[in-house]
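Okay, structure first, notes after.
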Amino acid sequence: MKFWIHRDGKKHGPIEDYELRAMIRDGEVKDETLVWFEDADGWTKASEVALLSGEFLVEEIEPPPLPPPVTPFLMWRRLGARWFDFLLYQLLLLIVFRAGGMAFLSNPDVPQSGMAIIGLLLPVIIMEGALLGSIGYTPGKWLMGLKVTNSEGGLLSTGQATMRSLRVWVLGMGMRNGLLIIFGHLFNLWVVKKRGVPLWDVASGFRVPGRDLSTQRILTFWILAGALFLIFWILLWPELQPFVEAEMARQGK
């Protein structure tokens, strides 16, 4: 369809409809600009022509609210919950390895392959995603009175929760690598100080609100965390002992 426009006291045209729509988007033609097209009764405002009216509808996009800043106490609660879940998962892995007759500790002379690292991380990422998507918390978060929600306060979808878990285990827990864990923790503490939230919640707007904790809940957390730590090292010691003795003998020479 061809149009003519009335501008600066003159008629301009013919103009193809797609050219006219582009001119509207570029601000060259306003909603009050008079236009005419073949078979029209007379000059009409551009905004009143059905073919053009949609170009004048401006969709107002409202960004989601920013997540509330993470206070130092809440950050330490989140860190404690994360390490509780980490210890719990390490213990479960150790039990599975023992049941399968496999060595839990990797040979220090043989670097772990990328597939091996992914194979160890995939179960915990899937489990954590399923828990956060269905109830909003993991065992550690439940003990610390924390719950992961979206910006509206509802539960994350399973896909959102799984992707969040993936980002946490890569950016925060360093894929279970000791040096990367330390770097991830320090870097994210810096990000929290600057942005108010850790890396995995900055762009998504996810929230981790915390309810008030009773003294009993805090004591329960530390008792269970200590028990996990103790059981893990008791079970690991038979496998760790030869490495320790070999190192002590090497240093004694």
Side-chain angles (χ1 to χ4, degrees), residues 70 73-106 112 116-149 155-156 158 160-186 188-189 198-201 206-211 213-240:
V70 179
F73 179 61
L74 184 59
M75 190 63 198
W76 286 112
R77 284 169 63 181
R78 290 176 62 168
L79 188 61
R82 173 58 54 185
W83 272 93
F84 184 92
D85 291 335
F86 179 75
L87 279 173
L88 179 59
Y89 182 61
Q90 291 289 97
L91 180 58
L92 291 174
L93 272 183
L94 178 56
I95 292 173
V96 170
F97 274 59
R98 283 284 188 275
M102 299 179 291
F104 182 78
L105 295 175
S106 58
Q112 274 190 309
I117 294 173
I118 293 173
L120 291 174
L121 284 179
L122 195 57
V124 70
I125 291 171
I126 293 174
M127 287 190 296
E128 187 171 298
L131 286 172
L132 295 183
S134 58
I135 57 178
Y137 48 77
T138 59
K141 286 182 173 59
W142 177 78
L143 282 171
M144 285 283 93
L146 304 170
K147 186 175 183 178
V148 180
T149 70
L155 291 176
L156 277 60
T158 302
Q160 290 175 324
T162 303
M163 289 305 299
R164 181 185 186 276
S165 177
L166 175 62
R167 290 194 293 268
V168 170
W169 280 91
V170 173
L171 300 175
M173 299 304 293
M175 298 175 289
R176 297 176 66 250
N177 178 281
L179 291 177
L180 291 179
I181 289 176
I182 295 173
F183 175 78
H185 280 30
L186 293 176
N188 275 283
L189 286 172
L199 275 175
W200 41 88
D201 290 330
F206 297 151
R207 302 179 179 186
V208 188
R211 65 176 185 270
L213 289 180
S214 64
T215 303
Q216 182 180 2
R217 177 63 68 91
I218 296 173
L219 287 175
T220 301
F221 170 82
W222 284 109
I223 290 171
L224 290 177
L228 280 178
F229 184 83
L230 185 61
I231 294 171
F232 175 78
W233 285 105
I234 288 175
L235 293 179
L236 185 64
W237 177 248
E239 190 174 336
L240 183 65

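Quick note: numbers below take in every heavy atom, side chains included, and nothing from hydrogens, waters or symmetry partners. Along the sequence shown, residues carry numbers from 1.
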Going from [atom1] on [X] to [atom2] on [Y], what distance comes out if it is rounded to the nearest 0.5 angstrom?
X      : Y      : atom1 : atom2 : answer
Leu236 : Leu105 : CG    : CG    : 4.5 Å
Thr158 : Leu132 : OG1   : CG    : 9.5 Å
Met102 : Leu94  : CE    : CG    : 10.5 Å
Leu156 : Thr149 : CG    : OG1   : 7.5 Å
Trp169 : Ile181 : CH2   : CD1   : 8.0 Å
Trp237 : Glu239 : CH2   : CD    : 12.0 Å

Minimum heavy-atom distance [X]-[Y], with the two atoms named:
X      : Y      : answer
Leu166 : Ile125 : CD1-CD1, 3.6 Å
Ala161 : Gly133 : CB-N, 3.8 Å
Gly145 : Leu213 : N-CD2, 3.8 Å
Arg78  : Pro198 : NH2-CG, 3.4 Å
Leu235 : Arg98  : O-NH2, 2.6 Å
Leu171 : Asn188 : O-ND2, 3.2 Å

Going by side-chain hydrogen bond (donor to acceptor under 3.5 Å, both in side chains), name the residues that satisfy it together with [X], two or more places apart in sequence or in a different chain.
X      : answer
Trp200 : none
Arg217 : none
Asp85  : Thr138

Assess the pair Phe73 and Trp76: is the distance between their ring centroids shorter than 6.0 Å?
no
Whether His185 side chain and Gly172 backbone form a donor-acceptor pair below 3.5 Å:
yes
Quick note, salt bridge (Lys or Arg N to Asp or Glu O under 4.0 Å) partners involving residues 131-147, not counting sequence neighbours, are none
Which pairs count as salt bridge (Lys or Arg N to Asp or Glu O under 4.0 Å) when at least one residue sits in residues 120-139, sequence neighbours excluded?
Arg82-Glu128
Sorted by chain and residue number, the ring-ring contact (aromatic ring centres under 6.0 Å, His included) partners of Phe221 (sequence neighbours excluded) come out as Phe84
What side-chain donor-acceptor pairs closer than 3.5 Å can you find for residues 223-234, not counting sequence neighbours?
none

Run the side-chain contact (heavy atoms from CB on, under 4.5 Å) test against [X] and tell me which residues pass, sequence neighbours left out.
X      : value
Leu93  : Tyr89, Gln90, Phe97, Phe104, Leu120, Arg176
Ile135 : Leu131, Tyr137
Val96  : none

Using side-chain heavy atoms (C-beta onward) and a distance below 4.5 Å, is Leu74 in contact with Leu146?
yes
Heavy-atom count around Leu179 CG within 6.0 Å, excluding the residue itself: above 12?
no
Please list, chain by chain and in numerical order, all residues satisfying salt bridge (Lys or Arg N to Asp or Glu O under 4.0 Å) with Arg167, sequence neighbours excluded.
none
Residue pairs passing the side-chain hydrogen bond (donor to acceptor under 3.5 Å, both in side chains) test where at least one lies in residues 219-229, sequence neighbours excluded:
none
